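Here the structure comes first, spelled out in structure tokens, and everything after it is commentary.
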Amino acid sequence: MARKGPESTRSAQLLAWYDANARVLPWRARPGETADPYRVWLSEIMLQQTTVQAVKAYFEKFVALWPTVSDLAAAPLDDVLKAWAGLGYYARARNLHACAKQVVMRFGGQFPEGEEALRGLPGIGPYTAGAIAAIAFGGRHAAVDGNVERVISRIHAIETPLPDSKPEIRERAQALVPEARAGDFAQAMMDLGATICTPRDPNCLICPWAEHCRGRITGLAPSLPRKKPKKQVPTRRGVAFWIERADGAVLLRRRPEKGLLGGMMEVPSTVWSEAVTKPEAQAPLSAEWRKLPGLVEHTFTHFHFELTVWMAETITDGELRDDGDYRWTKREDIDGEALPTVMRKVVAHVLKD
DNA sequence: CACTCGTGGTA
DNA sequence: TTACCAAGAGT
């Protein structure tokens with residue numbers, strides 16, 4: 001048998017560090033426990049571009065509501081969207097539900113073990129496929145997320161900016177994955193990135209890889225990985241229409257399946273653009289409008305948003321101008337609706353007066 | 001490949 | 001306040 005290379009030495013060092021420092025997380029199997037692929041998958045979807053802290057409560061809620069993938073697959077999509085409301089990136093919730101149904105229909109309720117098969121399921125991309133294959137099934141796969149990109153960029157002092165450096169990073173990450181304990185190794189890499197090899201001010205003094213980290217040795221570590229500059233975000237504006245019926249119910253509308261906040265509920269609003277012209281012509285119905293003072297502000301990933309609120313009361317509900325997916329919701333039921341955060345801000349803005 | 005797609009925390 | 005960032009995927 002060939003002598004083991006430097007990669008296996010480094011893998012062993014990191015696993016030893018992990019055994020002593022692993023974080024305890026709700027979705028993570030304790031030492032000796034068998035990983036539950038459903039919990040691994042659910043957590044990985046929720047953790048996409050989302051902090052551990054934000055995910056914890058949602059993860060607990062989901063496993064309480066739906067303990068198995070079959071339970072989740074059997075739930076109405078709207079219930080899933082309601083439970084996901086506030087977590088963001090709502091395409092994940094729709095793909096989560098679609099994926100659960102496929103796992104039941106195509107795989108008898110058991111997640112496939114292969115990275116390739118996992119990659120073909122909705123919402124599972126290169127990172128998540130590798131993570132599930134390694135963590136849930138022990139396959140020798142790298143799970144290359146933002147943490148791993150940072151760690152690998154630093155130990156090899158890769159100065160090529162992202163995303164151009166992705167192929168090299170993936171290659172170097174895969175070379176480090178040990179024959180055994182690939183799942184622990186994947187989680188160790190992420191723990192290292194989250195607790196020591198942090199974006200700002202990395203703590204190289206206690207890093208298990210400090211000795212041979214090219215980034216630390218050259219002094220480049222804190223400035224890595226380099227990234228291509230991103231364009232600045234524009235501002236969009238709109239008007240939301242808060243319409244109350246005589247019995248106190250409020251008019252809500254479901255957004256289109258695709259696009260921003262797809263499938264979620266909203267307080268009916270105009271188009272969102274730089275300048276809104278003739279808001280009253282875009283209202284769901286004709287009414288005497290009262291403009292609420294103040295603004296609802298919200299920042300999305302790629303634009304800032306300023307929403308003003310117009311209010312009106314109506315006697316009947318048979319005068320809607322279009323055949324949009326409207327629903328009258330009682331005031332006390334609004335909190336339970338699938339409202340994204342920006343729309344909850346609208347509700348709070350109206351109710352505070 | 002560049003862009004779209006949320007939210008909350010931090011310096 | 002602004003900017004960046006966090007276990008990315010889909011188009």
Side-chain angles (χ1 to χ4, degrees), chain A residues 23 25-28 39-59 81 84-96 98-99 118-136 141-151 162-164 166-167 169-170 173 183 185-195 197-201 222-223 225-236 255-264 266 272 297-305 338-345:
Chain A
R23 291 180 295 170
L25 299 170
W27 45 85
R28 194 174 266 185
R39 294 167 65 94
V40 173
W41 163 71
L42 178 61
S43 65
E44 290 300 341
I45 300 300
M46 289 184 166
L47 286 162
Q48 289 167 3
Q49 295 292 285
T50 308
T51 57
V52 164
Q53 189 53 42
V55 165
K56 282 181 180 172
Y58 284 86
F59 178 81
L81 293 176
W84 195 278
L87 195 55
Y89 284 142
Y90 298 99
R92 292 185 296 171
R94 300 193 300 275
N95 286 330
L96 185 84
C99 182
L118 288 164
R119 180 69 182 77
L121 290 165
I124 298 183
Y127 161 76
T128 306
I132 297 174
I135 298 170
H141 298 281
V144 183
D145 71 330
N147 288 303
V148 175
E149 288 178 344
R150 186 170 58 255
V151 170
L162 286 167
D164 294 352
K166 277 178 180 283
I169 290 172
R170 162 156 288 285
F185 184 78
Q187 294 178 94
M189 288 286 279
M190 292 186 275
D191 277 13
L192 183 68
T195 63
C197 197
T198 50
R200 283 172 296 212
D201 195 22
S223 68
R226 294 184 180 166
K227 297 184 179 181
K228 285 185 172 177
K230 42 190 93 170
K231 67 175 187 181
Q232 64 174 28
V233 301
T235 296
R236 295 185 196 171
R255 295 177 60 83
E257 283 286 317
K258 297 186 176 183
L260 186 72
L261 308 176
M264 301 294 286
E266 66 173 352
W272 300 1
E297 294 183 88
H298 191 75
T299 300
F300 293 91
T301 307
H302 51 298
F303 66 94
H304 301 294
F305 189 42
L339 290 171
T341 296
V342 62
M343 290 301 155
R344 290 179 190 272
K345 286 184 180 178

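First the proteins, then the strands, lettered A, B, ... as listed; each starts at 1. What you are looking at is a predicted structure, and each value in this text was computed from that prediction instead of being measured.
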Whether A:Gln48 contacts C:dG8 is assessed here as follows: a side-chain N or O lying under 4.0 Å from the phosphate OP1 or OP2. Is that the case? no
Any side-chain N or O of A:Thr128 below 4.0 angstrom from OP1/OP2 of C:dA9? yes
Students often get this wrong, so: under 4.0 angstrom with heavy atoms, is [X] touching a base, only sugar-phosphate, or nothing?
{"X": "A:Arg23", "result": "base"}
{"X": "A:Gly86", "result": "sugar-phosphate"}
{"X": "A:Thr299", "result": "base"}
{"X": "A:Trp41", "result": "nothing"}
{"X": "A:Pro163", "result": "nothing"}
{"X": "A:Thr341", "result": "sugar-phosphate"}

Closest to the [X] side chain: [options]?
{"X": "A:His298", "options": "B:dA2, C:dG8, B:dT7", "value": "B:dT7"}
{"X": "A:Leu47", "options": "B:dA2, B:dT7, C:dA7", "value": "C:dA7"}
{"X": "A:Asn95", "options": "C:dG8, C:dG10, C:dA6", "value": "C:dG10"}
{"X": "A:Val52", "options": "B:dA2, C:dG10, C:dA7", "value": "C:dA7"}
{"X": "A:Ala194", "options": "C:dG10, C:dA7, B:dT7", "value": "C:dA7"}

Of A:Leu25 and A:Leu121, whose closest DNA chain C nucleotide lies nearer the 5' terminus? A:Leu25
If the [atom1] atom of [N] is compared with that of [M], how far apart are they to the nearest Å?
{"N": "B:dC5", "M": "C:dA6", "atom1": "C1'", "answer": "15 Å"}
{"N": "C:dA7", "M": "B:dA11", "atom1": "C1'", "answer": "23 Å"}
{"N": "C:dT1", "M": "B:dG6", "atom1": "P", "answer": "24 Å"}

Separation of [X] atom [atom1] from [N] atom [atom2], in whole Å?
{"X": "A:Asp164", "N": "B:dA2", "atom1": "CG", "atom2": "C1'", "result": "12 Å"}
{"X": "A:Tyr58", "N": "B:dT7", "atom1": "OH", "atom2": "C1'", "result": "9 Å"}
{"X": "A:Met343", "N": "B:dG6", "atom1": "CE", "atom2": "C1'", "result": "13 Å"}
{"X": "A:Asp201", "N": "B:dT10", "atom1": "CG", "atom2": "P", "result": "15 Å"}
{"X": "A:Gln49", "N": "B:dG9", "atom1": "CD", "atom2": "C1'", "result": "15 Å"}
{"X": "A:Asn147", "N": "C:dA6", "atom1": "CG", "atom2": "P", "result": "7 Å"}
{"X": "A:Arg94", "N": "C:dT11", "atom1": "CZ", "atom2": "P", "result": "10 Å"}
{"X": "A:Arg92", "N": "C:dG10", "atom1": "CZ", "atom2": "P", "result": "12 Å"}

With sequence neighbours left out, what residues match A:Thr51 under side chain to side chain contact (heavy atoms under 4.5 Å, CB included)? A:Gln53, A:Ala54
Under the side chain to side chain contact (heavy atoms under 4.5 Å, CB included) test, which residues partner A:Arg92, sequence neighbours left out? A:Ile45, A:Gln48, A:Thr50, A:Trp84, A:Leu87, A:Tyr89
Tell me every residue that passes salt bridge (Lys or Arg N to Asp or Glu O under 4.0 Å) with [X], counting only those two or more places apart in sequence or in another chain.
{"X": "A:Arg28", "result": "A:Asp191"}
{"X": "A:Arg119", "result": "none"}
{"X": "A:Arg170", "result": "none"}
{"X": "A:Lys56", "result": "none"}

Detail all sub-3.5 Å separations between protein N/O atoms and N/O atoms belonging to nucleotides 3-5 of chain B.
unit_1	atom_1	unit_2	atom_2	d
B:dC5	OP1	A:Leu260	N	3.3
B:dC5	OP2	A:His302	NE2	2.7

Strictly under 3.5 Å: I want the nitrogen or oxygen pairs between protein and nucleotides 1-5 of chain C, one per line.
none

Considering only heavy atoms from C-beta outward, does the side chain of A:Leu42 approach that of A:Tyr58 to under 4.5 Å? no
Do A:Arg94 and A:Leu81 have side chains that get closer than 4.5 Å, going by heavy atoms? yes
Could you list the residues that satisfy ring-ring contact (aromatic ring centres under 6.0 Å, His included) with A:Phe305, not counting sequence neighbours? A:Trp272
Any sub-3.5 Å donor-acceptor pair from A:Arg200's side-chain atoms to A:Pro222's backbone N or O? no
Less than 6.0 angstrom separating the ring centers of A:His298 and A:Phe300, yes or no? yes
